[in-house]
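Take a look at the structure set out below.
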Amino acid sequence: MAELKSRRVVLKDYVEGYPTEAHMELLPAAPVDEAEDGSVLVKNLYLSCDPYMRPKMSRPLHQSYTAAFVPGAPITGYGVSEVVRSSTPGVVAGDLVWGMTGWEDYSVIKPPFTAMLTKIQPDDGVPLSYYTGVLGMPGLTAYVGFHHIGSAKPGDAVFVSAASGAVGQLVGQFARLMGCRVVGSAGSKEKVDLLINKFGFHDAFNYKEEDGDLAGALKKRFPDGIDVYFENVGGKMLEAVLLNMKVHGRIAVCGLISQYNLTAGEKEADVGVRNMTSLVAKRVRMQGFIEPDHKHLYPEYRAWVMPHIKEGRVVYVEDVADGLEAAPGALIGLFHGRNVGKQVVKLTTPDTE
């Protein structure tokens, strides 16, 4: 086999505030490291851009469930790959897999991340890119958060923030399938139309057009209150939701994207979330969760969702950027609301150009 060479996207330095493309660098192609015993060499096909990656770009000051990126090293994230060589039992050359990989043309995946690789059946009839989204981490996140953490039941009033993203669009559809009434918020008219006309939300609104009165916007759409809130935003949106929760309501905290790009000064000046007394007065259960804690549920989730996908009851919208060189801009776009749907990067590797 000819010597493999790979380009890499690296983090240049830790980020404070909003990241820019200048915080990352695409390095020219260099020889790929030799695969060690127990490792897997893969050719990356699709890379996933996800909001959780932003805190990993910051200097690690507090313990977190996931390690920070290392300046000078390739950025890592979920992706879909083809196995080139493997010394891991059960994984052979030619296999298609999804799991954690590097932002590079080729990656050497080492333990313990080899154990997180999930094999893809090439004849399952869905796009490979779906394994960065509806059939990957975002899909399981939506399933666990809605069904297990949110404890939703038929007839519930459900609100989803950042509802047109990778996770939110699925939560809304899962709620509709259960027989809930679901409302979503997004940041543009295009996204609001998508929520209602594509994903089947019963109502939706552009939070930027509510003149700062988010509590009033929610009261108008939930006159009797909210049973389940799927939290992706935090900040002012969470404050408004707390005022509109029902007694014994549930809040599944998936993410807090409004907080990820605050500078140290902004964090110091932040007075925190208001209206927390509603948690006590209304006996609301608010619980954070992360997808890795629930990996054991993936077979259950896949078996449940696949028929819905194939029969058109669950649809999925992707925003696809082409080429590794487009990855930094695609990731940055998440934090400015540029993406419509799940942000994916499709790679064109040098040996196939």
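Model, not experiment: these values are computed from the prediction.
- No more than 12 heavy atoms of other residues, nucleotides or ligands sit less than 6.0 Å from atom CD of Glu190.
- Hydrophobic cluster of Leu27: the remaining members, joined at side-chain heavy-atom separations below 4.5 Å, are Val10, listed by chain and number.
- A donor and an acceptor atom, one from each side chain of Arg85 and Ser39, are nowhere located under 3.5 Å apart.
- For Lys56 and Phe69, the positive end sits near the middle of the six-membered ring, less than 6.0 Å away and at most 45° from its axis.
- Ring pair Tyr131/Trp98 is tilted by interplanar angle, where 30° to 60° counts as tilted.
- Between Glu104 and Arg7 there is no salt bridge, since no side-chain N of the basic residue sits under 4.0 Å from a carboxylate O of the acidic one.
- Here the OH-CD1 distance, from Tyr130 to Ile309, works out to 7.0 Å after rounding to the nearest 0.5 Å.
- Salt bridge status for Lys346 with Asp322: absent, with no side-chain N to carboxylate O gap under 4.0 Å.
- Arg181 forms no cation-pi arrangement with Phe159, by the criterion of a distance under 6.0 Å to the ring centre and an angle within 45° of the ring axis.
- For the atom pair CD (Gln343) and CG (Leu331), the distance works out to 8.5 Å, reported to the nearest 0.5 Å.
- Residue Glu36 qualifies as open at atom CD: its count of foreign heavy atoms under 6.0 Å is 12 or below.
- For Tyr301, the OH atom is densely surrounded, since the number of other residues' heavy atoms within 6.0 Å is greater than 12.
- Here the side chain of Asn275 pairs a donor or acceptor atom with the backbone of Glu239 at under 3.5 angstrom.
- Met57 approaches Pro19 most closely through the heavy-atom pair CE-CB, 4.0 Å.
- No chain of hydrophobic side-chain contacts below 4.5 Å, direct or via other Ile, Leu, Val, Met, Phe, Trp or Tyr residues, connects Val160 to Val192.
- Sorted by first and then second residue, the ring-ring contact (aromatic ring centres under 6.0 Å, His included) pairs with a member in residues 165-186 read Phe174-Trp304; sequence neighbours excluded.
- Salt bridge status for Arg8 with Glu25: absent, with no side-chain N to carboxylate O gap under 4.0 Å.
- A salt bridge is defined here as a Lys NZ or Arg NE, NH1 or NH2 lying under 4.0 Å from an Asp or Glu carboxylate O, and Asp156 with Arg250 meets this definition.
- For the pair Lys342 and Glu318, the salt-bridge criterion is not met [side-chain N within less than 4.0 Å of a carboxylate O].
- Side-chain N or O atoms of Asp211 include none that pairs as donor or acceptor with a backbone N or O of Asp213 at under 3.5 Å.
- Apart from Leu243 itself, the hydrophobic cluster it occupies contains nothing, where clustering links Ile, Leu, Val, Met, Phe, Trp and Tyr at side-chain heavy-atom distances under 4.5 Å.
- The closest donor-acceptor contact from the side chain of Lys119 to the backbone of Gly90 lies under 3.5 Å.
- Glu82 contributes no side-chain N or O that, together with a main-chain N or O of Leu45, makes up a donor-acceptor pair within less than 3.5 Å.
- In this structure, CZ on Phe146 lies 12.0 Å from CG on Leu170, to the nearest 0.5 angstrom.
- For the atom pair CH2 (Trp103) and OG (Ser48), the distance works out to 8.5 Å, reported to the nearest 0.5 Å.
- With hydrogens and angles disregarded, no donor-acceptor distance shorter than 3.5 Å links the side chain of His294 to the backbone of Glu291.
- In this structure, CG on Leu324 lies 6.5 Å from CG on Leu47, to the nearest 0.5 angstrom.
- Taking the side chain as every heavy atom from C-beta outward, Tyr207 and Val233 never approach each other to under 4.5 Å.
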For ring pair (Phe, Tyr, Trp, His ring centres under 6.0 Å), just list the numbers for Tyr143 and His148, CA-CA rounded to whole Å, side-chain angles, deciding distance to a tenth of an Å, and then say yes or no.
-> CA-CA 8 Å; Tyr143 181 78; His148 293 263; 5.8 Å; yes

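- Screening Val42, Asn44, Val84 for a side-chain contact (heavy atoms from CB on, under 4.5 Å) involving Tyr106 leaves a single residue, Val84.
- For Lys246, the NZ atom counts as densely surrounded, since its 6.0 Å shell holds more than 12 non-hydrogen atoms of other residues, nucleotides or ligands.
- The structure places CG of Leu117 at 12.0 Å from CG of Leu96, a figure rounded to the nearest 0.5 Å.
- Taking the charged nitrogens against the carboxylate oxygens, Arg302 and Asp124 do have a contact shorter than 4.0 Å, which makes a salt bridge.
- The closest side-chain donor-acceptor pair between Thr101 and Ser107 falls under 3.5 angstrom.
- Without hydrogens or angle criteria, Asn244 side chain to Ala240 main chain gives a donor-acceptor distance under 3.5 Å.
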